[in-house]
Amino acid sequence: MVNLALEVGKTAQPEAIMFWILAPLAVVSALGMLFVKKAVHSALLLAWVMVTLAIFYIAQDALFLGIVQIIVYTGAVMMLFLFILMLVGVDSSDSLVENIRGQRVASIVAAIGLGGLIVSLISRATLGVEAIGLQDANSAGNVQGIAEELFTRYVFAFEVVSALLITAALGAMVLAHSTATKSRTAQRDQSIARFRGASLATAAGLPGSGVYARHNAVDVPGLLPDGTPAPSSVSATLEARGDMLSTKPFELEAKEVEED
Amino acid sequence: MTTSQLIGTDPGWISLVKGLLIFVVCVLATLMSVWGERRIVARMQQRLGPNRVGPFGLVQALADGVKLALKEDLIPKAADRIVFVLAPIISATTCFMSFAVIPLSGEVTLFGHKTVMQLTDIPVGVLYVLAIASVGVYGIVLAGWSSGSTYPLLGGLRSSAQVISYEVAMGLSLVAVFIYAGSMSTADIVAAQNQWWFCVTLFPSFVIYAISMVGETNRAPFDLAEAEGELVGGFHTEYSSLKFALFFLAEYVNIVAVSALATTLFLGGYHALPGLGFTENWLGGWFTVIWFLTKVVFFFFIFVWLRGTLPRLRYDQFMKFGWKVLIPFSLVWIMIVATLRVLSQQGAPRVVVIGFTTGVVLLVLAGSTLVESAKKRRIREDALGEVSAPSFPVPAIPGKSTTKEVIRETEQLNG
């Protein structure tokens, strides 16, 4: 037992160097995750912690686990990122005001309890248990070995965790969901309305605004074939705001027309 | 000797040379593909394209790159400075990383050392590529968020939703390949295709991968993240100078990367076309690199062709297509593939296999018939009622009148 521990304690040189570079980085970013103000920065630091853990797994010859860690956690943090934007808004910072009384104490107790739970679980799984070694564990191939464990011994835990994740996703959706007060007209509805309205005259869209030699913008109406301005060629908002220009100053002078 | 053993015997400096070669090839490929894309699209639009700088305009991209680097580098006031700088770095570093596991050639001699042009071969090579791709999205999303402006934020969010949804379909399309190759290592997958390419035997997977790789790289018709008609430039609206150049580089290297992965997984990698196997020994094995590059260029041409042909999808249609068509379809396809694989591994009699296949084909036919008839019924129900015609000719309205009637009406109107 002691010999095994000594053997485990020895680390190959490159791995040790990597550990001493990455481990402090991981710990610092994990702490940073707790203390930074912006929720998005927190999510980013979390992603970085997960990537460093993945690198450690890979260094420990758990290639599949490391790669899957990156895939799963980058995806998960991306979801977290979206949740932040959905639930708290783009520029939100942490507010330190306690909304629910006793929340701080309760959360500290819960955190300590969870920590204790995790430590006891890990110690039960590792202390006093002889490691069988990588050679034996990977005898049927690393991926195959994990698959066998996951889909036979731990299949129930696996399914429960996935149910938990789906519940969390649904919960976030319910929280972020707001019922629309009126139904939105989509492109299809607009298209149907154009063709089933009173006339087909606007089926191809409304006329464009005017283009003149000395002015070319959306605030001047275009001219109809008979020379009168077409009011439907300018946005109703501009008209209501009084920002619609008259076409008069841009029209050709009668004299010039005669000269031609 | 297997590929991974062969790579295992590489001394450190050979790995360094290979890494450098991959980097140089990727950057050159970007320069060439920018030029190639502009020339091909120009040809499709009856123009000439860049033809001034260098022979055939070949160094146009280089000139543009130099000009881009000399532009003023702006960071908006509202931007989150650290993340704003970090985003293009993430994009530009991750895009090169997936090339580490792509086998570019068969056995060759490099500086008197027998090896293959593949930096490393890991047993979960394809998963590694997926992992790198999912880190690469962070570049786009963070660029969108950190710019502190509306259009980039919308572009970044679109892109994250897009990549999350299309990565599911992409991952599912790869499962069939894993089942048939019995491995997730790129070298093994290429080796498993020495008889039949997977684009033939697993054609539906190939189609799903080809669609989702366009979605994954944010290219037309799926370039909603930078839809210039609606979002100005999308996630990179606020970027300029070298930072923008990094995004530009990342986009093109990503195109080459997904094309290289498609070549590896479905087009037999560096193998020659069927019947031309003898060419693989030319130039001491180096000819396989030419085969590989030819296939990658083929995919790149498809990318450009799509851009020149298809209009951009509307966002909701695009999401619907991903979630309601691609993903269910690939799930069903994986079940079929897995069943067939198990049947053949357990040595089931041929009658059972043929019966199963026929059953699946019949089900698909029945399903598609039902869908078609429902579509026809909907079109009949949607037919327009009587609408007064305007005083000028309008095109035929579906379900209302035939073209002939319209022509008659027009003639009546015009007297």
Side-chain angles (χ1 to χ4, degrees), chain A residues 36-41 43-45 47-48 50-51 54-55 58 61-82 84-86 89-91 138 141-144 146-147 184 186-188 191-204 225, chain B residues 78 80 82-83 86-87 90 94 122-138 141-142 144-146 148-150 153 156-157 159-161 163-164 167-168 171 178 182-185 314 316-317 382-395 397-400:
Chain A
V36 289
K37 276 249 169 78
K38 275 191 181 167
V40 172
H41 288 170
L44 270 185
L45 287 170
W48 170 247
M50 291 305 168
V51 170
I55 298 172
I58 292 170
D61 273 348
L63 202 54
F64 177 75
L65 216 57
I67 301 277
V68 167
Q69 164 100 357
I70 293 183
I71 296 180
V72 169
Y73 278 102
T74 47
V77 172
M78 188 67 81
M79 291 307 284
L80 193 68
F81 196 86
L82 295 184
I84 293 169
L85 294 183
M86 274 157 63
V90 180
D91 272 329
N138 286 346
N142 182 252
V143 181
Q144 283 84 347
I146 291 178
R184 214 178 36 161
Q187 202 175 8
R188 185 179 167 79
S191 172
I192 288 174
R194 271 212 297 275
F195 282 89
R196 289 191 172 162
S199 158
L200 280 176
T202 56
Chain B
D80 187 307
I82 299 173
V83 183
L86 191 69
I90 294 178
T94 50
I122 54 178
V124 286
V126 181
L127 284 190
Y128 164 81
V129 175
L130 280 185
I132 295 302
S134 59
V135 175
V137 195
Y138 273 74
V141 177
L142 292 181
W145 175 79
S146 67
S149 140
T150 315
L153 181 70
L157 285 184
S159 150
S160 65
V163 172
I164 288 173
E167 220 172 47
V168 178
F178 297 158
S183 165
M184 289 184 274
S185 130
R314 218 173 59 202
D316 58 330
Q317 293 171 334
D382 272 4
L384 285 171
E386 273 309 306
V387 182
S388 64
S391 59
F392 47 83
V394 286
I397 307 293
K400 192 218 161 193

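Please read these numbers as outputs of a predicted model, since none were measured by experiment. Each chain gets a letter, A, B and so on, in the order its sequence line appears, and its residues count up from 1.
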Contact part of B/Asp316 toward chain A, heavy-atom cut-off under 4.5 Å: side chain, backbone, both or neither? neither
Where on B/Leu157 is there a heavy atom nearer than 4.5 Å to chain A: the side chain, the backbone, both, or neither? side chain
Search all heavy atoms of B/Ala131 against all heavy atoms of A/Ile70 and return the closest pair with its distance. CB-CG2, 3.8 Å
Among the options B/Ile82, B/Leu130, B/Leu86, B/Leu142, pick out the one with the most heavy-atom pairs lying under 4.5 Å from chain A. B/Leu142
Region of B/Val163 in contact with chain A, defined by heavy-atom distances below 4.5 Å: neither
Is chain B contacted by the side chain of A/Val51, its backbone, both, or neither, given a heavy-atom distance below 4.5 Å? neither
B/Pro123 and A/Val143, any side-chain heavy atoms less than 4.5 Å apart: no
Mind checking the CD1-CE spacing from A/Ile67 to B/Met184? Nearest 0.5 Å is all I need. 10.0 Å
From A/Asn142 CG over to B/Ile122 CD1, what is the distance, rounded to the nearest 0.5 angstrom? 11.5 Å
Rounded to the nearest 0.5 angstrom, the CH2-CG distance for B/Trp145 and A/Leu44 is 7.5 Å
Part of A/Ala47 within contact of chain B (heavy atom distance under 4.5 Å): side chain
Heavy-atom closest contact (B/Tyr138 atom, A/Tyr73 atom, distance): OH-O, 4.4 Å
